[in-house]
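Keep in mind that this is a model prediction, so the values were computed, not measured. No hydrogens, no waters, no symmetry mates; every other heavy atom, side chains included, goes into these values.
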Amino acid sequence: MPRLSVIIPVRRVRGHLRECLESVLSQSFTDFEVIGVDDGSPDGSGLLLDEFAALDHRVQAIHLPPGEGAGPAGRRNAGAERAVGDHLIFLEGNFVLLPGALQAVAGALDAAGDPELLLFGHHKRPFRGRPRPTRSLELLGELPAGRLTLAGHPELLDLAQVSWNRAVRRTLHESEKLAFGPGQHGERMYALQTLAAAESIAVLPVACVEHRRQRYLPDLVDESEPTDGTTPLHLVEAYAGLMTFVQDRPALHPLRTLLFERASQELLSGYPSVERRRRRYVRSVAAFHRTHRPEGYRSPGGARGLRPRLIGGGRYAALGSLDAALALRRWMRSVPGALRAQAKRTLTARYYWWQRRRPLDSGLAVYAAYWNRGVSCNPEAIFRKAQELAPQVRGVWVVSKNQRASVPPGIDHVVAGTRRYWATMARATYFFNNVNFPDHLVKRPGQIHVMTHHGTPLKIMGLDQQDYPAAAQGLNFDRLLQRVDRWDWSVSANPHSTEVWSRAYPSAARTLETGYPRNDVLTTATAGQIAEIRAGLGIRPGLRSVLYAPTHRDYEALFTSRIDLERLADALGPDTVIMVRAHYFYEGAGLPDRPTILDVCDHPRIEELFLAADALVTDYSSVMFDYAALDRPIVVHAPDWETYRTVRGVCFDLLSGKPGDTPGAVSTSTDELARIFLDGSWNSPENEALRAAFRARFCPYDDGRAAERVVRSVLLGEDV
């Protein structure tokens, strides 16, 4: 029988659930069970829950039948029903337990003689910002140690009334038949019921949970989730249920006045948020007062009690007149400021505005890649497959002025900023890009945006960059979110990417776990095609070719090779060609003039370089995830790993040596790298096993049909 049961309702938290579960399982205190409850989360959160349950016996994955609309309340109740621990702790799937939290909770329970309820502190982390202490944590520090009761300490009501800042003795939960009601108010009522019913309460003025606020996405509608229990009228019903709960328990009658006052305050505070049926709301509050007002209770006198008396008496007209008088006073005070305000100027050209009033062209798709640098990457693979499978949708590429000559013959294209560009952007139905389209693009109803991305994330991306100033480089996160909100589809190369994208780019976009279309050629290329590519690069038959493709470092303006290329070329000899591919952010690599060092920085297709290479040497570039599809050796050259992971931030430990993390041999110096190739360890059985695990994690969909799946899903509307 575990000491603690940690219950985690799971729904649309795939990008955060791994960190949540790891924060629990890594606790120094180990006498606990984890009960994760999923009811068919559409983002695959339940699969991640199963993954942890298979690896750790303390994790129990509960799968409720999908479509029953259990909601958060149902998931929490189902978890509590299956719990066997002495105390119940509820945790949200996007929150984390702070280090040492469970040890602190267990110690506080022991010190207080196993109270029925323990309240602990939390930190709040805004959607964009750093964690900070909360008012609840401060209030906990002001409360005395030892056993408390709500009657003796009414200030307990000022703590956050949520489920995840308390440990509830399971016998109390079961004997009092405590349960979560529907909607957000149901959780608050559960918290209040625990306060009222507990005969012994202890406090722990230590932050145990990091409350991580998520981005509110009104467009992300989950039709399977119940929507009841969230309106102001439901708040009245919820408090009526709480008062009935107290009324049915004679031992709790001394708390009626205290809880009625709290309910009255909150119902009055909720009145301004009622936009429709205000009269009905006032009548409901008045009925609540008539039914549950304790005998002898009197509202406060004077101006402070005017509004409580009006709403408690159901005087809707008088309350409206008071609101109108107050609104008039606020308006008169705001007139000077309103006169000084200037209307926002439109950022779109008149021509673009006019074109957006014309009908959409259902047979027109826009493609772009790498900030209009030409025809390449995932968008190109999708474009060419669309020509085959959906010829009724013609594609137009957006390129910059200096890239016009690079467009292959026969491909229709427009130059960004031209008259035809604005017309095309205004009327196209489909948009494919591996980066975001410019801010000036206005998404019309009916237009469909597909973000293909262009790499698997090792480094921190998107909103996660807020904690890494060197990586953010002045990135405007508000504008980033506006661009992300245009996405309808997000193409994912693997489950790892799905998790990271959902956290780094929170949006209502649907995930397409298809693999990357640009990698289809790595699976379908023939030996003859590979030989032709190598010949075109000047690599003679029988030569070993090594591709060196390091990543970009945000904190460096110029390309700096971490390898002494001349020294490596001398060590490997004339039978090895070293192809060097600097990141496209850098202007040239400045390579030494050696016959076995080949500058491929300007080669238009990195996929061809992959096919030509017998091995890849990289540091932290996402090319390793693509190259892994070929099942050829990968060597990680990482002399500055600690600097990179500290300054840039990473998603996982590339050098851990664990299967799935590290793709092969690792070097930290030029001599060590040379030795790996000279002694054969670059392709040893040990590194082959690491590569297999890496491929299993990051290349599960690479079967040569990724582009087809995207085209069928987006352009043809098929389920794939």
Side-chain angles (χ1 to χ4, degrees), residues 1-66 68 70 74-76 78-85 88-97 99 101-102 456-458 492-503 511 513 515 625 628 651-654 656-663 688-703:
M1 300 291 285
R3 185 85 165 94
L4 304 173
S5 293
V6 182
I7 299 165
I8 306 177
V10 173
R11 186 77 176 179
R12 290 191 182 277
V13 288
R14 180 156 178 184
H16 307 273
L17 183 58
R18 183 179 300 276
E19 188 174 5
C20 171
L21 290 169
E22 288 177 346
S23 76
V24 180
L25 298 176
S26 62
Q27 292 284 313
S28 58
F29 180 84
T30 60
D31 188 14
F32 62 84
E33 64 173 349
V34 176
I35 302 176
V37 185
D38 165 60
D39 58 355
S41 181
D43 66 346
S45 295
L47 297 176
L48 189 57
L49 190 61
D50 289 336
E51 175 187 326
F52 275 82
L55 296 173
D56 196 312
H57 71 278
R58 295 173 297 177
V59 180
Q60 180 182 171
I62 304 298
H63 294 284
L64 302 179
E68 292 188 356
R75 292 189 284 273
R76 294 189 188 103
E81 289 174 2
R82 291 163 174 79
V84 296
L88 310 180
I89 295 177
F90 296 91
L91 184 66
E92 297 300 299
N94 55 292
F95 294 3
V96 296
L97 282 183
L102 295 186
T456 291
L458 167 63
S492 176
N494 44 59
H496 163 76
S497 295
T498 300
E499 290 182 35
V500 175
W501 297 151
S502 65
R503 180 179 66 247
T511 297
E513 285 191 321
F625 303 102
C651 301
F652 65 92
D653 187 356
L654 177 67
S656 73
K658 297 178 180 178
D661 282 357
T662 307
E688 185 178 355
L690 285 175
R691 186 170 72 248
F694 195 79
R695 289 183 66 233
R697 180 180 180 186
F698 295 109
C699 306
Y701 313 128
D702 288 332
D703 58 359

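Remark: D31 pairs with no residue by the side chain to side chain donor-acceptor pair (under 3.5 Å) rule, at least two apart or across chains. The side chain to side chain donor-acceptor pair (under 3.5 Å) search around R58 returns D56, not counting sequence neighbours. Every residue two or more places apart in sequence or in another chain that forms a salt bridge (charged side-chain N to carboxylate O under 4.0 Å, His left out) with E51 is listed here: R18. The salt bridge (charged side-chain N to carboxylate O under 4.0 Å, His left out) search around E19 returns R212, not counting sequence neighbours. Looking at residues two or more places apart in sequence or on another chain, you find a side chain to side chain donor-acceptor pair (under 3.5 Å) between T498 and S492, E513. The side chain to side chain donor-acceptor pair (under 3.5 Å) test applied to H16 returns Q214, not counting sequence neighbours.
Note that NZ of K658 is 12.0 Å distant from CZ of F652, once rounded to the nearest 0.5 Å. Rounded to the nearest 0.5 angstrom, F32 CZ and L102 CG are separated by 6.0 Å. To the nearest 0.5 Å, atoms CD1 (I35) and CG (L49) are separated by 11.0 Å. Here the CD1-CD1 distance, from I7 to I89, works out to 9.5 Å after rounding to the nearest 0.5 Å. To the nearest 0.5 Å, atoms OG (S502) and CG (L17) are separated by 10.5 Å. Atom CG in L97 sits 10.0 Å away from atom CG in L25 (nearest 0.5 Å).
Of all the heavy atoms in V34 and V24, the pair that sits closest is CG2-CG1, 3.6 Å. Considering every non-hydrogen atom in both S45 and V10, the closest pair reads CB-CG1, 3.3 Å. Minimum interatomic distance between L654 and P663 (heavy atoms only, all atoms of both residues): CD1-CD, 3.9 Å. Nearest approach of R14 to P495, heavy atoms of both residues: NH2-CB, 3.2 Å. Shown here for S23 and S26, the closest heavy-atom pair between the two residues is O-OG, 3.6 Å. In terms of heavy-atom proximity, C20 sits nearest to F95 at CB-O, 3.1 Å.
Checked by atom type and distance alone, the side chain of R82 pairs as donor or acceptor with a backbone atom of A78 at under 3.5 Å. With hydrogens and angles disregarded, no donor-acceptor distance shorter than 3.5 Å links the side chain of R75 to the backbone of V37. For the pair D661 (side chain) and S656 (backbone), a donor-acceptor distance under 3.5 Å is absent. In this structure, H496 contributes its side chain and L458 its backbone to no donor-acceptor pair below 3.5 Å. Looking only at distances, no side-chain donor or acceptor of D43 sits under 3.5 Å from a matching main-chain atom of R11. Using modelled atom types, one side-chain atom of E33 and one backbone atom of V84 make a donor-acceptor pair closer than 3.5 Å. Without hydrogens or angle criteria, S5 side chain to L88 main chain gives no donor-acceptor distance under 3.5 Å.
Looking at H63 and D50, their side chains come closer than 4.5 Å, going by heavy atoms from C-beta outward. Looking at heavy atoms from C-beta onward, P457 lies in side-chain contact with W501 at the 4.5 angstrom threshold.
A donor atom on one side chain and an acceptor atom on the other are found under 3.5 Å apart for T456 and N494.
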Apply the test side chain to side chain contact (heavy atoms under 4.5 Å, CB included) to residues R3 and F29: give CA-CA distance (whole Å), side-chain angles for both, the deciding distance (0.1 Å), then the verdict.
-> CA-CA 10 Å; R3 185 85 165 94; F29 180 84; 3.9 Å; yes
